[in-house]
Amino acid sequence: MDKKDHIPMPTAMERRAAIRRIAEEGLADTAPSWRSLPLSALVFGVEDCLFMAVLLGLLPLALLPLPAGLLAEKLSLTLFLSAPLLYAAAHLLTMWKESQCGTLDWKRTCRLSLQTLTALRMGLFGGAAVLVCVPVDLLLWHFSGRAMSLGRILAVSFSSLFLHAALSLICREGRRGWAVTLTLWVLLDGLLTVWETRVHFLMEVPTAVFCLLAGTCLTAALYQLYTVLRQPQKGGMLYAQR
């Protein structure tokens, strides 16, 4: 073999150093991929859906022109039925738009699983719903003549919102999980409407019960979100729209 055809081989020391470097990189702790996901990626292409959901979340304010007495009478049922509007509308509208545009199939090829992306979005929508619920509740409380305590109003809203969020995250794994959640919620709303009309059911429930329901459902929703984010992610592209 000529000198010019000679291929230099690494020495034993160089080979050991290369192996050690590769092993260190492979065993190094790396942050989960979802932590590098920018906020803009979660709402990319669905900003209009989120805007429409916020408008629906403000829908209870249409009751403000009612007399204070009539508004106070309808307040508990209104709060319980309307609190999840923003959360549910944002989730359903984004799913519908992406299925129509074909971007759901594209997301299934990404490094982050579709379930992880959906769970992250649901967490974002839940935070947005809380931010909208608080000022809406404050306005309804003020214009109803402060017929009930502010703490009870917030407890009723948050118990409903967190209950819906927990149901959505628990049913997320099914192919039609959103339909199961929607069906359960429609049935619950129908029963509450009938009971409230007949015996003012919600007015008889102690505030502590609403607080307990809100805390339990929030814990369940956060646990479900934590479970999804702990799952190992598949290989492929990282979904990050800069």
Side-chain donor-acceptor pairs of residues 49-61 under 3.5 Å, sequence neighbours excluded:
none

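- Here the closest non-hydrogen pair linking L169 and A221 is CD1-O, 3.2 Å.
- Below 30°, between 30° and 60°, or above 60°: for F158 and F162 the angle between ring planes is below 30°, a parallel geometry.
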- Task: Tell me, with the steps shown, if T183 and L187 meet side chain to side chain contact (heavy atoms under 4.5 Å, CB included).
- Result: CA-CA 6 Å; T183 301; L187 292 174; 4.3 Å; yes
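- L191 and V205 are not part of a single hydrophobic cluster, where members link through side-chain heavy atoms under 4.5 Å apart.
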- Task: Could you give me the CA-CA distance, side-chain angles and deciding distance for L124 and L120, then say whether side chain to side chain contact (heavy atoms under 4.5 Å, CB included) is met?
- Result: CA-CA 6 Å; L124 175 65; L120 287 172; over 6 Å; no
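- Considering CG of L86 and SG of C133, their distance stands at 8.0 Å, rounded to 0.5 Å.
- The stretch residues 135-155 participates, sequence neighbours left out, in no salt bridge (charged side-chain N to carboxylate O under 4.0 Å, His left out) pair at all.
- In terms of the side-chain hydrogen bond (donor to acceptor under 3.5 Å, both in side chains) criterion, residue partners of W185 (sequence neighbours excluded) are, by chain and number, D189.
- To the nearest 0.5 Å, atoms CD1 (I170) and OG1 (T227) are separated by 10.5 Å.
- Tracing side-chain contacts under 4.5 Å through hydrophobic residues (I, L, V, M, F, W, Y), one never reaches L225 starting from Y223; they form parts of separate clusters.
- Closest approach of T207 and A155 over heavy atoms only: CG2-CB, 4.3 Å.
- With W141 contributing its side chain and S149 its backbone, the two residues share no donor-acceptor pair below 3.5 Å.
- Partners of F210 under the ring pair (Phe, Tyr, Trp, His ring centres under 6.0 Å) rule, at least two apart in sequence or in another chain, do not exist in this structure.
- S144 contributes atom OG, which lies 11.5 Å from atom CG of L70 (distance to the nearest 0.5 angstrom).
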With a cut-off of 3.5 Å and sequence neighbours excluded, list every side-chain donor-acceptor pair involving residues 75-82.
| from | atom 1 | to | atom 2 | distance (Å) |
| --- | --- | --- | --- | --- |
| T78 | OG1 | K74 | O | 2.7 |
| S82 | OG | T78 | O | 2.6 |

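- Atom NE2 of H142 is separated from atom CG of L150 by 12.5 Å, given to the nearest 0.5 angstrom.
- With sequence neighbours excluded, the residues that form a side chain to side chain contact (heavy atoms under 4.5 Å, CB included) with L213 are S159, C217.
- The salt bridge (charged side-chain N to carboxylate O under 4.0 Å, His left out) pairs that include a residue from residues 45-64 are D48-K97, where partners are two or more places apart or lie in different chains.
- When all heavy atoms of S157 and A83 are compared, the closest pair comes out as O-CB, 3.3 Å.
- L138 places a side-chain heavy atom less than 4.5 Å from the side chain of V134.
- Every residue was checked against the ring pair (Phe, Tyr, Trp, His ring centres under 6.0 Å) condition with F125, not counting sequence neighbours, and none meets it.
- In this structure, OG in S168 is found 4.5 Å from CE in M122, a value given to the nearest 0.5 Å.
- Alongside L131, the hydrophobic cluster contains no other residue (criterion: ILVMFWY side chains under 4.5 Å).
- Residue Y87 is grouped with residue V156 when hydrophobic side chains (ILVMFWY) are merged at heavy-atom distances under 4.5 angstrom, including chains of intermediate members.
- Neither L85 nor L64 shares a network with the other; the hydrophobic side chains, linked directly or stepwise wherever heavy atoms of I, L, V, M, F, W or Y lie under 4.5 Å apart, form separate groups for each.
- When the side chains of ILVMFWY residues are joined at heavy-atom separations under 4.5 Å, either directly or via intervening members, L212 and L192 end up in two distinct hydrophobic clusters.
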